[in-house]
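These notes concern the structure reproduced below.
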There are 2 protein chains.
Amino acid sequence: MKTRDKILLSSLDLFNERGERNVTTNHIAAHLAISPGNLYYHFRNKSDIIYEIFLEYEKLVDFYLDIPENRPITLDDLTFYLESVFDGLWSYRFFHRDLEYLLDSDQRLRQDYREFTNRCLTAISRIFEKLAEAGIIEPQPEELRSAMSLNVWLVITNWMAFLKTAHASEASASLTLTELKQGIYQVLTLEIPYLTADYREQVMTLREKYRPRFPDSADALVSGQGEPIGNH
Amino acid sequence: MKTRDKILLSSLDLFNERGERNVTTNHIAAHLAISPGNLYYHFRNKSDIIYEIFLEYEKLVDFYLDIPENRPITLDDLTFYLESVFDGLWSYRFFHRDLEYLLDSDQRLRQDYREFTNRCLTAISRIFEKLAEAGIIEPQPEELRSAMSLNVWLVITNWMAFLKTAHASEASASLTLTELKQGIYQVLTLEIPYLTADYREQVMTLREKYRPRFPDSADALVSGQGEPIGNH
DNA sequence: CTATTATTAGAGTATATACTCTAGGTAGTC
DNA sequence: GACTACCTAGAGTATATACTCTAATAATAG
């Protein structure tokens, strides 16, 4: 593998693991056992590394959120979208953590991210539209659909931060992809009232699969279990 | 005013304005025209300053979210809660921006914030419960109420980040309290499907007051205006 | 083989950051 | 007026950070 690609990969790993703020270019070089000079031969600065990583992230999500227009949407499609988006979020999880600082430091990134967000919101809205066409949810006026899409976006992009700040009692407590995907439960919660009678059961069953199981008693009120959860 | 209090005030201002990451203890001292030594006489380190600011924030929100148990809840109460929470969010807006880093740097803060979040979630859930008792929304099983409360929390705490990252096209674009309060529109969107027939009109009217009016055309799709918005 | 280009090492640097240390001032009390 | 507790200045420091510079080495093309 080319040094350049190794730098991108290691950077992503370290950023995800420790947070962009805690990872210096020297750290990245040291982790790869290359010299700082070498790193700066391939990238002009830290922002450029981050920007390239963002482009990968963007490409991945754009690929996942490509809505097929030649056929109706299915529940499997919905599951795929949700799973994929959370997979992407997981792989590039450092990004949303320091988002505001990153955008302040790089105008290109700000512009691109802005457009990226708008594309995602459009895609989410389009998914709602197609879910209605497929008879899975009741159709809604565009204005409501847009506001709902934005709420879905807010829940998706910030579920991880919630887990890391409110759930884990220690900084070191590592998050798992499984926990992250409990965000799907939250997203499906948003859709419950709009489900059609025909599909309500199916979606509720799907949702149940992602139901959070917090082992920590302090969080019991978060999941609001009516009945006790089994030990595991 | 005591130097100690001036330090807290200036720190909060600077943090809000520039982000905690971009504000050093030397900056704070310089801004107050006091010596670094003086600052460190009053606070052991930067974390301590942040921690004390958090305690103020916590106190403020706890005060706002004190739910009166001796009378039914009204729509005015709901408006008050929403307005107050967003006011608090505004006054301490630096906090949620760098939350993860802040919690990683201070275990006390992590613990306190965790409990704070749980209190807020309980309060939100309790508000839903009382809204149902007052006949404003349909009653919901506890499990759903908890999940909804969490979604409300996610939308509230991350609305600002959304505005700053997706809405503003420049870092310098300053956010206004008015824009921030458009988050109330998003929160009320979550409640729409649960409104009772008796109150639907009233709440929808309330919601309409907070409807976002993005002047920037690139964001038109975000607000999803069916009809064009007037220039202003 | 040679000339050129691409890659790498590693020492070094300017700046910043959080924080310390000492000496001195100020305000109140007896 | 002296004692004491509190407060402040400001120079200074250890460490870190992003990044540079030069020289050497590998890869490639002719």
Side-chain angles (χ1 to χ4, degrees), chain A residues 1-54 94-95 97-98 100-110 171, chain B residues 1-54 94-95 97-98 100-110 171:
Chain A
M1 184 186 283
K2 295 231 169 200
T3 302
R4 189 187 157 81
D5 295 327
K6 282 198 273 187
I7 292 170
L8 288 173
L9 260 181
S10 273
S11 299
L12 178 57
D13 280 353
L14 291 172
F15 289 160
N16 279 340
E17 193 74 25
R18 304 180 202 171
E20 176 272 340
R21 187 172 178 174
N22 300 315
V23 176
T24 73
T25 49
N26 291 350
H27 286 146
I28 299 167
H31 185 254
L32 279 169
I34 66 172
S35 63
N38 193 356
L39 186 147
Y40 278 90
Y41 170 79
H42 291 285
F43 294 94
R44 282 209 334 238
N45 51 43
K46 197 180 170 185
S47 274
D48 275 8
I49 298 177
I50 292 164
Y51 184 66
E52 293 233 5
I53 293 177
F54 166 72
F94 86 94
F95 190 70
R97 173 174 170 165
D98 285 302
E100 288 193 48
Y101 176 83
L102 298 178
L103 301 195
D104 280 350
S105 317
D106 188 339
Q107 281 306 304
R108 267 180 321 177
L109 188 60
R110 175 175 291 278
Chain B
M1 183 187 282
K2 296 232 170 199
T3 301
R4 190 188 157 82
D5 295 327
K6 282 198 272 186
I7 292 170
L8 288 174
L9 260 181
S10 274
S11 299
L12 178 57
D13 280 352
L14 291 172
F15 289 160
N16 278 340
E17 194 73 26
R18 304 181 203 171
E20 176 271 342
R21 186 171 180 174
N22 300 316
V23 175
T24 73
T25 49
N26 290 352
H27 286 146
I28 299 167
H31 185 255
L32 279 169
I34 66 172
S35 64
N38 194 354
L39 187 147
Y40 278 91
Y41 170 77
H42 291 286
F43 294 94
R44 282 209 334 236
N45 52 41
K46 198 180 170 184
S47 275
D48 275 8
I49 298 177
I50 292 163
Y51 184 66
E52 293 233 5
I53 293 177
F54 166 72
F94 86 94
F95 190 71
R97 174 174 170 166
D98 285 302
E100 288 193 48
Y101 176 83
L102 297 179
L103 300 194
D104 280 349
S105 317
D106 188 340
Q107 281 306 303
R108 267 178 322 177
L109 188 60
R110 175 174 290 279

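Residue numbers start from 1 in every chain, and the chains themselves are labelled A, B, ... in the order their sequence lines are given, proteins ahead of strands. No experiment lies behind these values; they were computed from the predicted model shown.
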For this session: With a 4.0 angstrom cut-off to heavy atoms of chain A, pull out the first and last contacting nucleotide of DNA chain D, in 5'-to-3' order.
Result: D:dT17 to D:dC21
Residues in side-chain hydrogen bond (donor to acceptor under 3.5 Å, both in side chains) with [X], at least two apart?
X        : answer
A:Tyr51  : A:Asp112
B:Asp5   : none
B:Arg4   : B:Glu52
B:Ser105 : none

For this session: Kindly write out the residues that satisfy ring-ring contact (aromatic ring centres under 6.0 Å, His included) with A:Phe94, not counting sequence neighbours, or none if the list is empty.
Result: A:Phe15
Problem set entry | Those residues that, when tested against A:Phe43, pass ring-ring contact (aromatic ring centres under 6.0 Å, His included) (two or more places apart) | none
Return the polar atom pairs (N/O with N/O) between nucleotides 23-25 of chain C and the protein under 3.5 Å, or none.
none

Seminar exercise, completed: So, with a heavy-atom separation below 4.0 Å from DNA chain C, the residues of residues 8-25 of chain B are B:Thr24, B:Thr25
Exercise. Does any residue of residues 30-46 of chain B have a heavy atom under 4.0 Å from DNA chain C, and if so, which ones, in number order?
Worked result: B:Pro36, B:Gly37, B:Tyr40, B:Asn45, B:Lys46
Exercise. Looking only at atom types and distance, does a side-chain atom of B:His27 sit under 3.5 Å from a main-chain N or O of B:Thr24, one as donor and one as acceptor?
Worked result: yes
Problem set entry | salt bridge (Lys or Arg N to Asp or Glu O under 4.0 Å) partners of A:Arg97, counting only residues at least two apart | B:Glu100, B:Asp104
Exercise. Does B:Ser35 have any side-chain contact (heavy atoms from CB on, under 4.5 Å) partners at least two apart in sequence or in another chain, and if so, which?
Worked result: B:Asn38
Exercise. Within a reach of under 6.0 Å around NE2 of B:His42, are more than 12 heavy atoms found that belong to other residues, nucleotides or ligands?
Worked result: yes
For this session: Any chance you could lay out the side chain to side chain contact (heavy atoms under 4.5 Å, CB included) test for B:Leu102 and B:Leu109, step after step, and finish with the verdict?
Result: CA-CA 8 Å; B:Leu102 297 179; B:Leu109 188 60; 3.9 Å; yes
Problem set entry | Gap between atoms CE and P, on A:Met1 and C:dT7 respectively (whole Å) | 16 Å
Exercise. So, are B:Asp48 and B:Arg108 salt-bridged, with charged N and O less than 4.0 Å apart?
Worked result: yes
